2 protein chains.
Amino acid sequence: MTSEKIKHKTTFETLPTISVDCVIFGYEENMLKVLVRREFVPFQGQIYLEWKLPGNHIRRTEDISETASRILKEQTGLENIFVKQFMVFSDPNRLKNNERDYEWVKPRLEDDRVLTVGFYSLINLKDVDNSKLIEVAKWVNAYEINDLMFDHKEIFDEAFKKLRYDLLHEPLVFELLPVKFTLTQMQKLYEAIFNTTYDKRNYRRKVNKMPYLIPLDEIQTGVSHKPARLYTFDRDIYEKNRTERFDFRV
Amino acid sequence: MTSEKIKHKTTFETLPTISVDCVIFGYEENMLKVLVRREFVPFQGQIYLEWKLPGNHIRRTEDISETASRILKEQTGLENIFVKQFMVFSDPNRLKNNERDYEWVKPRLEDDRVLTVGFYSLINLKDVDNSKLIEVAKWVNAYEINDLMFDHKEIFDEAFKKLRYDLLHEPLVFELLPVKFTLTQMQKLYEAIFNTTYDKRNYRRKVNKMPYLIPLDEIQTGVSHKPARLYTFDRDIYEKNRTERFDFRV
DNA sequence: TTATTATTGTGTTGTTTTGACACCTTTCCC
DNA sequence: GGGAAAGGTGTCAAAACAACACAATAATAA
């Protein structure tokens with residue numbers, strides 16, 4: 001029984017100097033959203049309402065992707081979600097730069113020198129059961145994130161940059177869309193991510209070159225305009241057709 | 001004096017669960033090279049000659065870029081060199097997958113659960129004074145790296161991938177070239193990195209669109225063919241002209 | 001001195017891609 | 001039935017791309 005207890009302790013033991021912070025992107029109503037957590041921060045006799053990214057320390061027995069997936073499960077109730085590491089933040093003073101935030105976090109830590117690995121995640125918000133969403137969490141328009149605890153704004157900015165960067169190489173938008181979607185939904189998603197607009201005809205010509213974008217024999221229902229044709233993403237075709245770019249920046 | 005001694009200890013204190021491993025790229029004689037370190041590994045009565053990437057634990061007071069630069073200084077004697085983090089490797093068993101390597105490394109560690117942050121670095125080999133190069137280090141053709149200790153081959157592969165990936169966004173090749181270089185030198189460098197060939201006329205037309213590639217009024221000397229015109233990279237122009245790509249993968 | 005070698009530097013053509021642009025068709029709601 | 005709000009479509013000029021050969025120039029050898 002003692003040996004069982006020690007083994008159990010190792011499984012859940014966290015490494016005090018390493019954490020994972022997650023930038024969880026979702027898409028809904030033509031808006032790119034990010035999940036933030038609320039905290040009440042007492043400071044000098046006042047209570048401040050603050051927002052931060054979800055995060056946690058890694059466990060001794062975990063790979064960091066497992067940590068990220070665990071955080072996601074805790075926050076949204078979802079499993080098997082796309083997660084990708086994007087950057088390490090390792091300033092020794094990263095938690096100390098704001099006095100208020102530091103006073104709040106210090107008692108929660110074993111060691112206040114914490115390196116964090118940033119992960120971004122992409123969620124189709126149709127899959128999110130809001131009753132499973134952790135009570136203190138909220139989806140915020142990605143373009144309205146302007147003040148977060150610690151260096152979390154910087155982490156968010158870097159994640160957003162990396163998402164755009166990665167879209168040059170991989171069609172990640174499918175992680176944010178339902179299984180069946182219209183071309184316009186996808187267009188508006190790209191527009192939301194890149195904060196730009198694409199000409200519909202040019203965009204349709206471009207995406208129709210994606211061998212893994214499959215037109216369905218179904219159309220939208222319940223819309224007060226001409227119903228759009230539905231499409232889906234074929235992961236097998238995508239994997240079979242992946243090619244590397246032998247290309248460089250001018 | 002006791003307080004001074006404690007302060008000194010903190011400055012150099014390393015974090016036992018976090019390290020940095022460096023993939024140092026150099027370019028010479030039309031070959032892309034990588035710096036590897038030799039180790040003699042005793043195992044079951046035999047001594048094995050092994051190669052690994054340079055690496056070290058981070059210090060409590062260091063940002064990981066500082067760690068990477070410190071490793072570079074140790075290995076090559078150089079300072080102010082381009083370094084970029086590319087990936088975190090966090091498998092809890094990453095050091096244990098090979099028994100021989102593990103037995104060698106174990107006594108050197110405080111904790112055998114070590115997360116590492118991979119950095120790649122780009123060096124102009126003309127800047128390297130080989131007398132400053134650490135004795136146990138060697139430059140190896142990047143295409144001939146096939147067996148390294150621990151997960152270092154995987155780290156190397158990922159760095160190489162990221163280098164190519166990043167070249168889609170930034171003209172990093174200038175970090176590998178001397179201040180004055182010929183267009184053909186640069187062409188062969190791109191060819192070495194992408195392991196492909198470019199048509200000279202098409203390549204020249206493409207690079208002549210780089211606003212930051214400055215033709216000099218100098219030509220090569222000491223060559224037994226028509227001397228090529230020299231060019232240089234203007235970082236100020238590059239920074240002024242940076243634009244983001246609103247582009248996605250088909 | 002001349003010939004040889006090994007490069008450097010250059011333009012053209014056909015094909016493909018890109019950027020800019022407007023209007024008919026289809027559903028729901030009043 | 002009319003209006004609103006979309007979905008879906010093609011053309012043209014310009015730019016980019018892929019494929020392709022030979023004159024010019026320095027060092028070295030004969």
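Just so we're clear, the structure is a prediction, and the values are computed from it rather than from any experiment. These values consider heavy atoms only, across backbone and side chains, with no hydrogens, waters or symmetry-generated copies. Throughout, protein chains are lettered first and strands after them, A, B, ... in sequence-line order, and every chain is numbered starting at 1.
- OP1 or OP2 of D/dG7 has not a single side-chain nitrogen or oxygen of A/R229 nearer than 4.0 Å.
- Side-chain N or O atoms of A/T182 include none that pairs as donor or acceptor with a backbone N or O of A/A228 at under 3.5 Å.
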Go through the steps to decide whether A/Y120 and A/D166 satisfy the test side chain to side chain contact (heavy atoms under 4.5 Å, CB included), and finish with yes or no. CA-CA 11 Å; A/Y120 72 84; A/D166 287 345; 2.5 Å; yes
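- The end-to-end axis angle of the helix from C/dT1-D/dA30 to C/dC30-D/dG1, rounded to 10 degrees and based on five pairs per end, is 0°.
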A correct 5'-to-3' footprint of nucleotides 11-19 of chain C, with B, S and - meaning base, sugar-phosphate only and no protein heavy atom under 4.0 Å, is BB-----BB
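- Using a cutoff of 4.0 Å between basic side-chain nitrogens and carboxylate oxygens, B/D157 and B/K153 are scored as salt-bridged.
- Within the model, atoms OG1 of B/T184 and NE2 of B/H225 stand 8.0 Å from one another, a figure rounded to the nearest 0.5 Å.
- Residues A/R38 and A/K138 have side chains not in contact (no heavy-atom distance under 4.5 Å, counting atoms from C-beta outward).
- One interatomic measurement links the two molecules: CG of B/N208 to C1' of D/dA16, which rounds to 15 Å at whole-angstrom precision.
- B/Y203 places its OH atom 13 Å from the C1' atom of C/dT8, with the value rounded to the nearest Å.
- Counting only heavy atoms from C-beta on, A/P227 has its side chain closest to C/dT26 among C/dT8, D/dA26, C/dT26.
- Taking the six-membered ring for Trp and the full ring otherwise, the centers of B/Y165 and A/Y165 sit less than 6.0 Å from each other.
- Atom NZ of A/K200 is separated from atom C1' of C/dA20 by 15 Å (rounded to the nearest Å).
- Taking the six-membered ring for Trp, A/F174 and A/Y231 have ring centres at least 6.0 Å apart.
- Scanning residues 216-226 of chain B for heavy-atom distances under 4.0 Å to DNA chain D yields B/V223, B/S224, B/H225, B/K226.
- Among the atoms of the strands shown, only primed sugar atoms or phosphate atoms (P, OP1, OP2) are found under 4.0 Å from some heavy atom of B/T184.
- The existence of a salt bridge linking A/K52 and A/E50 is excluded, since no basic side-chain nitrogen approaches an acidic carboxylate oxygen closer than 4.0 Å.
- Between B/V173 and the choices B/L163, B/L167, B/L122, the side-chain contact (heavy atoms from CB on, under 4.5 Å) rule is met once, by B/L167.
- Between the C1' atom of D/dA16 and the CZ atom of B/R204 lies a distance of 19 Å, rounded to the nearest Å.
- Between A/F86 and A/F89, the angle of the ring planes goes over 60°, which puts this pair in the perpendicular group of the 30/60° scheme.
- In this structure, A/Q187 places its CD atom 11 Å from C1' of D/dG7, rounding to the nearest Å.
- Between B/R37 and B/E74 no salt bridge is recorded (no basic side-chain N to carboxylate O distance below 4.0 Å).
- Put simply, OH on B/Y198 is 12 Å from P on D/dC17, counting in whole angstrom units.
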